[in-house]
Amino acid sequence: MQLTDLKFLPGVDKQDSSYAAGDQRRYTNSEFVRFHYGKPERWKGWEYLPNPNETLIGVVRDTHSWLSLNGTRYLALGTDRKLYIYSEGSVSDITPIRETASLTNPFATASGSPLVTVTDASHGADEGDFVQFDNGSATNTVDGLEFNNEFEITTVVDANTYKITFPTNATGTTAAGGGSVTASYQINVGPATSTYGYGWGISTWGLSTWSTPRASSTITLQGRNWSLDNFGEDLVATVLDGGTYKWDTSSGMSVRAVSLGATVPVASRFNLVSADTRHLFLWGTCTTVTDSATQDDLFFRFADRESLTVFAPTAENEAGSLRIADGSRIVGAVRSTGQILVWTDTSLHGVQFIGTPFTFGQRQLGANCGLIAQHAAIDVNGRAYWMGDDAFYMYDGVVKKMPCSVEDYVYDDLSFTNKNDIACGVNPEFNEIMWYYPSSSATQIDRLVVYNYLENTWYTTTIGRTTYLANYTYENTIATEYNTSLTANATTSTGVSNTPIGVTAGASYVYQHEVGDNQADGSAISASLTSGSIEIADGDQFMSVSKFVPDFTNLSKELKVTMTLEDYPQSTTSQTTFANVSSTTQKINVRGRGRSVKLNFATDRIDESNWRLGSMKLQLRPDGRR
């Protein structure tokens with residue numbers, strides 16, 4: 001009897017029902033299965049970087065890699081709590097210091113309590129900030145507690161006092177101790193996630209009664225974010241709505257990043273360095289450099305050519321500023337061919353070098369096509385792809401809304417509170433653009449939608465990665481994952497702990513992706529693929545299924561194939577048959593009947609290679625209802 005070639009099309013279709021997708025020979029769901037050269041293929045695995053089980057404090061929101069002039073590879077990682085540098089197996093905390101204070105006997109302890117009260121007038125710290133104590137007295141102890149360490153600030157009591165937490169209780173009570181101490185305060189931390197604003201002063205003027213705190217709100221307070229770029233071989237880092245800092249590779253990994261100084265705007269949304277002219281751009285920045293109250297979300301500045309600090313325009317330099325008219329805030333920007341592409345929340349603009357006296361000019365490229373998040377756009381070979389508030393877009397000279405076979409699935413289950421955390425990256429090996437996003441019930445990223453830009457196919461899977469970096473500097477793509485229950489445990493190259501005392505924040509793993517066989521940190525990846533419902537012909541016709549002929553390449557272990565037969569699209573009952581398929585399986589004899597049949601392929605074993613589906617066949621024949 002003749003075999004029917006199933007001839008499934010590549011990609012996943014979640015816009016249609018299972019029956020409608022089956023009519024077009026489409027797949028309806030995939031987990032860790034991509035489409036490469038038109039065929040489904042299991043993902044490769046991932047493993048820890050830099051060392052097994054080593055983690056960083058907080059949730060990583062941006063990563064950037066580059067090479068120094070001597071060929072040393074560097075990876076910068078900005079979290080809601082810290083700024084790190086990784087290089088050749090070593091991690092260093094390079095979080096900038098905002099203030100250093102000289103204190104005398106600042107520590108007060110209470111017997112039997114791990115809490116220590118620290119007195120420092122006008123300390124400016126927030127809960128969760130980090131402080132390093134040094135240069136105390138010879139012992140620098142109070143009731144046996146060692147203070148020459150870095151601590152997370154547990155509680156801010158008032159403007160002059162705060163509390164830190166030790167891992168052990170004090171053995172006695174001391175009102176003031178510690179000797180002469182130097183306190184180095186790192187820049188204030190930010191929220192790990194975005195939240196709605198509540199309380200006094202939230203919402204529009206005159207709403208409800210005076211002095212009534214709001215129990216609900218449409219105002220979102222953004223989580224901490226970073227923008228990282230390199231200026232030559234040095235790192236330039238801007239914290240969202242904060243300052244801009246430089247880390248000099250020549251100073252070594254033991255030296256922290258430092259502020260660019262008083263001539264640089266004190267508050268900006270993010271930075272970007274132009275590729276051809278080496279101008280530092282600060283987007284959504286201050287109209288008055290030294291006054292954060294003048295920060296304008298649509299205003300941007302560019303420094304003089306080859307300078308990180310000269311932002312004041314003169315007749316003799318190339319510094320300047322411009323303001324975008326369409327939108328309420330600048331959201332993101334990427335370098336593209338011959339220009340910088342800049343998105344507001346509603347529009348796309350191009351910024352190009354035009355020479356003196358204006359240096360740069362801008363023009364609007366599109367409207368009603370804004371960017372959903374700071375890191376949700378990417379440029380690949382002169383084409384830009386981005387995620388908007390309601391659709392996916394592309395720019396190749398003209399703004400186009402991209403047809404997407406999983407669009408409703410993504411946008412109907414997207415957390416718009418945490419949309420600012422969406423992270424986009426490119427996987428050049430498989431021609432994929434990847435958007436990691438939070439589902440509606442999540443506070444952190446837990447989903448992925450992927451577009452193959454050469455084959456125009458889409459698929460989704462369930463995975464949490466807060467950043468994704470292409471393998472331009474390192475051999476493999478690099479991604480980060482956050483877990484609120486993890487404890488940071490990073491160490492320096494000498495084995496000394498990088499972790500402060502009393503840390504309450506969660507931590508992030510750093511992974512190398514597309515590594516080896518199908519292992520996730522040594523565990524098997526559960527991969528699956530489901531087809532739409534296939535009918536033998538149009539109309540009211542039943543069929544019987546008697547044989548399945550599998551076709552796989554690179555299948556070294558068994559894979560479970562499940563066939564489900566249904567009478568109607570909304571049937572509550574069905575016939576299911578399954579079998580395990582190996583590389584030597586020639587055919588599977590089955591027995592079932594129904595109006596339609598759909599297939600599921602699944603494996604949860606560590607495979608020695610990435611299996612690929614080929615041309616599968618079913619033996620189908622018309623059958624009666626009885």
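In this chain, residues are counted from 1 in sequence order. Since this is a predicted model, take the numbers as computed values, not measurements.
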Do Arg73 and Tyr474 pass the side chain to side chain contact (heavy atoms under 4.5 Å, CB included) test, and can you show the C-alpha distance, the side-chain angles, and the key distance before you say yes or no? CA-CA 8 Å; Arg73 298 180 299 182; Tyr474 290 85; 3.6 Å; yes

Would you confirm whether the ring centroid of [Y] sits within less than 6.0 angstrom of the ring centroid of [X]?
X: Tyr482; Y: Tyr509; answer: no
X: Phe107; Y: Phe133; answer: yes
X: Tyr411; Y: Tyr437; answer: no

Check this for me: does any side-chain nitrogen of one of [X] and [Y] sit under 4.0 Å from a carboxylate oxygen of the other?
X: Asp379; Y: Arg335; answer: no
X: Arg61; Y: Asp80; answer: no
X: Lys163; Y: Glu127; answer: no
X: Arg81; Y: Asp129; answer: no

No-hydrogen, no-angle side-chain donor-acceptor test under 3.5 Å, [X] and [Y]:
X: His123; Y: Asn160; value: no
X: Glu514; Y: Asn427; value: yes
X: His513; Y: Arg465; value: yes

For the student: nearest non-hydrogen atoms of [X] and [Y], plus distance:
X: Ala125; Y: Ile153; answer: CB-CD1, 3.4 Å
X: Ala237; Y: Leu83; answer: CB-CD2, 4.0 Å
X: Pro167; Y: Ile501; answer: CD-CG2, 3.5 Å
X: Gly232; Y: Trp66; answer: O-CD1, 4.4 Å
X: Gly178; Y: Asn105; answer: N-OD1, 3.6 Å
X: Met253; Y: Ile94; answer: O-CG2, 4.2 Å

Please identify each residue that fulfils side-chain contact (heavy atoms from CB on, under 4.5 Å) with [X], with sequence neighbours left out.
X: Gln132; answer: Asp134, Glu150, Ser184
X: Thr461; answer: Glu31, Phe32, Trp43, Leu448, Ile463
X: Ala303; answer: Leu280, Phe311

How far apart are the C-alpha atoms of Ser440 and Asp413, what are their side-chain angles, what is the distance that settles it, and do they pass the side chain to side chain donor-acceptor pair (under 3.5 Å) test? CA-CA 5 Å; Ser440 58; Asp413 192 20; 2.4 Å; yes

Under 3.5 Å, which donor-acceptor pairs do the side chains of residues 282-289 form with other protein atoms, sequence neighbours left out?
residue, atom, partner, partner atom, Å
Thr285, OG1, Ala267, O, 3.1
Thr285, OG1, Ser268, OG, 2.8
Thr287, OG1, Thr294, O, 3.4

Who passes salt bridge (Lys or Arg N to Asp or Glu O under 4.0 Å) against Arg98, sequence neighbours left out? none

Report the residues that fulfil salt bridge (Lys or Arg N to Asp or Glu O under 4.0 Å) with Asp390, sequence neighbours left out, ordered by chain and then residue number. none

Does NZ or CZ of Lys246 come closer than 6.0 Å to the centre of the six-membered ring of Phe231, within 45° of the ring's axis? no

Please determine whether side chain to side chain donor-acceptor pair (under 3.5 Å) holds for the pair Gln295 and Asp241, giving the CA-CA distance in whole Å, both sets of side-chain angles, and the decisive distance to 0.1 Å. CA-CA 8 Å; Gln295 185 180 5; Asp241 295 330; 2.9 Å; yes

Kindly compute the distance separating [atom1] ([X]) from [atom2] ([Y]), expressed to the nearest 0.5 Å.
X: Ile445; Y: Tyr436; atom1: CD1; atom2: OH; value: 9.5 Å
X: Phe270; Y: Thr244; atom1: CZ; atom2: OG1; value: 11.5 Å
X: Ser113; Y: Asn169; atom1: OG; atom2: CG; value: 6.5 Å
X: Thr100; Y: Asn135; atom1: OG1; atom2: CG; value: 10.5 Å
X: Thr72; Y: Glu88; atom1: OG1; atom2: CD; value: 6.5 Å
X: Ile57; Y: Asp93; atom1: CD1; atom2: CG; value: 7.0 Å

Thr309 backbone acceptor or donor facing Ser307 side chain under 3.5 Å: yes

Test item: [X] and [Y] side chains (from C-beta on) under 4.5 Å apart, heavy atoms:
X: Asn418; Y: Gln444; answer: no
X: Trp46; Y: Val515; answer: no
X: Thr79; Y: Tyr84; answer: yes
X: Leu469; Y: Leu75; answer: yes

Would Ile340 and Phe281 count as a side chain to side chain contact (heavy atoms under 4.5 Å, CB included) if you check the C-alpha gap in whole Å, the side-chain angles of each, and the deciding distance to 0.1 Å? CA-CA 10 Å; Ile340 296 173; Phe281 281 78; 3.7 Å; yes

Sequence neighbours excluded, which residues qualify as side-chain hydrogen bond (donor to acceptor under 3.5 Å, both in side chains) partners of [X]?
X: Thr161; result: Asp158
X: Asp389; result: Lys419
X: Tyr511; result: Glu481, Asp521
X: Arg329; result: none

Evaluate side chain to side chain contact (heavy atoms under 4.5 Å, CB included) for Gln374 paired with Asp62, printing each intermediate quantity in order. CA-CA 10 Å; Gln374 178 180 330; Asp62 195 19; 5.6 Å; no

Can you check side chain to side chain donor-acceptor pair (under 3.5 Å) on Thr344 and Ser347, steps first, answer last? CA-CA 5 Å; Thr344 70; Ser347 57; 2.7 Å; yes

With sequence neighbours excluded, give me every ring-ring contact (aromatic ring centres under 6.0 Å, His included) pair touching residues 239-261. Tyr74-Trp247

Can you name the ring pair (Phe, Tyr, Trp, His ring centres under 6.0 Å) partners of Tyr409, sequence neighbours left out? none

Evaluate the side chain to side chain contact (heavy atoms under 4.5 Å, CB included) criterion for residues Ile422 and Leu414: first the C-alpha distance (whole Å), next the side-chain angles of each, then the deciding distance (0.1 Å), finally the verdict. CA-CA 10 Å; Ile422 292 173; Leu414 172 66; 4.2 Å; yes

Determine, stepwise, if the pair Thr504 / Glu152 fulfils side chain to side chain donor-acceptor pair (under 3.5 Å). CA-CA 8 Å; Thr504 59; Glu152 180 182 319; 2.5 Å; yes

